[in-house]
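What follows is a set of notes on a single structure, which appears directly below.
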Amino acid sequence: MIYHIVVGDLAAAPLNEAVMSEPSLQGEVIVMKDILHVGPIQKAEGQSFSELRTEFWQQVIPQDKELKVDDMERLLEISNALYKDETAQAWFWMAPAPADVVAYHWMLPYLSKHMGRFFLLNIANLPFLNEAGKVFYPKSISEILPKELVKARRLARPVTHAEVEVDGDEWRKLVEENAGIRTHGGGKKLASQPETHYDNQLMSFCSHQFQKASRIVTQALSKFGLPTGDVHLGWRLRKMAEEGKLLLQGNVMKELKDFEVKLPGGDAGQAPVAEENAAVS
């Protein structure tokens, strides 16, 4: 039995196909939903990690009142399953993306208790074939064809004691810094950044005329390849509005398409934004 761990539903789709088509990969695909390279990771006394992350994402996505983050519970279930079945293994499929690399450091203290059965499959800087048969270097597991993932199974290797010692220090450092954003510096290297790290890129697409927030975010994602995702960037637009750096109109408590953004100033005849729409509690 192999527990195949991957970050995100998009990455899980081709991996599920690969697992179903290859007997040597038989097992279960476990999807980690959270992207741990954004938001707080240092919990308060008496607070669980899942509570910490749920509170953060409820601020980021205020329209989803039922949102709950339970990746930690899922991780502990895998660890318990490995205790019960000494033949079971856990494989983490890691792409060269900050969400994946942070997830590796986060799960290491739990799965390293099962030395020799916690495997890492790191696709960084490795060539794969696309649908046209051309070589490319994927940045996400979601970009890889299922048949190519089947071939990649040979790359899986057990995490070593040396890695546990060195990489374990990295997670402790990240928790102590507890920054708003963590960026990927290649390999397993990460750097803590303030939550404002991508604000200038977002503001570079803002003007003195109102534009849909969805348009601003899409342009920033397209030009700069920002890895935090659209909902997080939409949250940053709302936070900048609270600080007076931007003006918003529309329903900011809903999705990006439901409100607009502009720089302060410009058209003196522009109607003021309703206070309840310009701020998020």
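Below, each value reflects all heavy atoms present in this structure, side chains not excepted, and no hydrogens, waters or symmetry copies. On a predicted model such as this, the values are computed, not experimentally measured, just so you know. FYI, the numbering just counts along the sequence from 1.
With Arg182 contributing its side chain and Val101 its backbone, the two residues share no donor-acceptor pair below 3.5 Å. Here the side chain of Asn178 pairs a donor or acceptor atom with the backbone of Gln42 at under 3.5 angstrom. A distance-only check finds no donor-acceptor pair linking the side chain of Ser112 to the backbone of Val164 [under 3.5 Å]. In terms of modelled atom types and a separation under 3.5 Å, the side chain of Glu177 and the main chain of Ala179 share no donor-acceptor contact. A donor-acceptor pair under 3.5 Å is formed between the side chain of Asn16 and the backbone N or O of Ala12. A donor-acceptor pair under 3.5 Å links the side-chain atoms of Glu143 to the main chain of Lys139, judged by distance alone. Looking only at distances, a side-chain donor or acceptor of His184 sits under 3.5 Å from a matching main-chain atom of Gly187. For Arg157 (side chain) and Leu121 (main-chain N/O), no donor-acceptor pair under 3.5 Å exists by modelled atom type. Listed for the Thr218 side chain is no donor-acceptor partner under 3.5 Å among the backbone atoms of Arg215. Between the Asp100 side chain and the Ala97 main chain, no donor and acceptor come within less than 3.5 Å of each other.
Judged purely by distance below 3.5 Å, without hydrogens or angles, the side chains of Ser79 and His114 pair a donor atom with an acceptor atom. There is no side-chain donor-acceptor pair under 3.5 Å between Ser48 and Ser50. For the 3.5 Å distance criterion, the side chains of Ser207 and Gln209 fail to qualify, holding no donor opposite an acceptor.
Smallest separation of non-hydrogen atoms from Lys257 and Lys212: O-NZ, 2.8 Å. When all heavy atoms of Leu36 and Ala103 are compared, the closest pair comes out as CD1-CA, 4.2 Å. Contact between Phe119 and Ala156 at its shortest, heavy atoms only, is CD2-C, 3.9 Å. In plain terms, the two heavy atoms of Leu108 and Asp167 that are nearest each other are CD2-CB, 3.5 Å. The two residues Leu25 and Trp91 have their closest heavy-atom pair at CD2-CZ3, 3.6 Å. Contact record, Tyr110 with Leu75: CD1-CD2, 3.5 Å, taken as the closest heavy-atom pair.
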Notebook entry, point to check: When you look at Leu202 and Met240, which way does the side-chain contact (heavy atoms from CB on, under 4.5 Å) test go after all the steps?
Noted result: CA-CA 10 Å; Leu202 280 171; Met240 283 190 279; 4.1 Å; yes

Item checked: Derivation of the side-chain contact (heavy atoms from CB on, under 4.5 Å) call for Met32 and Trp106 -> CA-CA 11 Å; Met32 296 298 166; Trp106 164 68; 4.1 Å; yes

Note to self: With side-chain contact (heavy atoms from CB on, under 4.5 Å) as the criterion, how do Leu226 and Val217 come out once you've worked through the C-alpha distance, each side chain's angles and the decisive distance to 0.1 Å?
What the structure shows: CA-CA 10 Å; Leu226 307 185; Val217 168; over 6 Å; no

Next item on the list: Starting from the C-alpha separation in whole Å, work towards a yes-or-no answer on side-chain contact (heavy atoms from CB on, under 4.5 Å) for Leu129 and Leu145.
Entry: CA-CA 8 Å; Leu129 297 178; Leu145 296 173; 5.8 Å; no

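Leu10 is not listed as a side-chain neighbour of Ile141, based on a closest heavy-atom distance of 4.5 Å or more. Using a 4.5 Å heavy-atom threshold, the side chains of Gln26 and Val19 count as separate. With contacts defined as side-chain heavy-atom distances shorter than 4.5 Å, the pair Gln58/Lys68 does not qualify. With a 4.5 Å cut-off on side-chain heavy atoms, Tyr198 and Thr228 count as touching. Two residues are said to be in side-chain contact when any heavy atoms from C-beta on lie closer than 4.5 Å; Leu221 and Leu233 meet this criterion. The side-chain heavy atoms of Gln211 and Val261, taken from C-beta on, include no pair separated by under 4.5 Å. You'll find the side chain of Ser24 reaches within 4.5 Å of the side chain of Arg153, heavy atoms only. At least one side-chain heavy atom of Ile41 sits under 4.5 Å from a side-chain heavy atom of Trp171.
A salt bridge links Lys188 with Glu163: the closest approach of a Lys/Arg side-chain nitrogen to an acidic carboxylate oxygen falls below 4.0 angstrom. Using a 4.0 Å cut-off between charged side-chain N and carboxylate O, Lys173 and Asp169 make no salt bridge. Between Glu195 and Arg236, at least one side-chain nitrogen of the basic residue sits less than 4.0 Å from a carboxylate oxygen of the acidic one, meeting the salt-bridge criterion. The pair Asp70-Lys33 does not count as a salt bridge, with every side-chain nitrogen at least 4.0 angstrom from each carboxylate oxygen. Under the 4.0 Å criterion applied to side-chain N and carboxylate O atoms, Lys239 and Glu242 are assigned as salt-bridge partners.
In Asn80, the CG atom is crowded: over 12 heavy atoms of neighbouring residues, nucleotides or ligands sit closer than 6.0 Å. Within a 6.0 Å sphere centred on OH of Tyr137, heavy atoms belonging to other residues, nucleotides or ligands number 12 at most. The environment of CD in Glu243 is crowded: more than 12 heavy-atom neighbours from other residues, nucleotides or ligands sit within 6.0 Å.
In this structure, Trp235 CH2 and Phe56 CZ are separated by 5.0 Å, a value rounded to the nearest 0.5 Å. With rounding to the nearest 0.5 angstrom, the CZ atom of Phe128 is 10.0 Å from the NZ atom of Lys151. A distance of 8.5 Å separates CG in Asp85 from CE in Met1, rounded to the nearest 0.5 Å. Atoms CG and CD1, on Leu256 and Ile216 in that order, are 10.5 Å from each other to the nearest 0.5 Å. The structure places CG of Leu82 at 6.5 Å from CG of Leu111, a figure rounded to the nearest 0.5 Å. Ser214 OG to Glu255 CD: the interatomic distance, rounded to the nearest 0.5 Å, is 10.0 Å.
For the pair Lys262 and Phe210, the distance from NZ or CZ to the six-membered ring centre is under 6.0 Å and the angle to the ring normal is within 45 degrees.
A single hydrophobic cluster is not seen to contain both Val31 and Phe118; linkage of ILVMFWY side chains at heavy-atom distances under 4.5 Å, directly or through other members, places them apart. Neither Ile30 nor Ile35 shares a network with the other; the hydrophobic side chains, linked directly or stepwise wherever heavy atoms of I, L, V, M, F, W or Y lie under 4.5 Å apart, form separate groups for each. No single ILVMFWY cluster, assembled from side-chain heavy atoms under 4.5 Å apart, contains both Tyr83 and Ile78. Neither Leu120 nor Leu15 shares a network with the other; the hydrophobic side chains, linked directly or stepwise wherever heavy atoms of I, L, V, M, F, W or Y lie under 4.5 Å apart, form separate groups for each. Criterion: ILVMFWY side-chain heavy atoms under 4.5 Å apart, direct or through other members. Under it, Val7 and Val60 are not part of a common hydrophobic cluster.
Classified by interplanar angle (parallel below 30°, tilted 30° to 60°, perpendicular above 60°), the ring pair Phe92/Tyr104 is parallel. Below 30°, between 30° and 60°, or above 60°: for Trp57 and His232 the angle between ring planes is above 60°, a perpendicular geometry.
A side-chain hydrogen bond (donor to acceptor under 3.5 Å, both in side chains) with Thr183 is found for one member of His37, Lys189, Gln193 and no other, namely Gln193.
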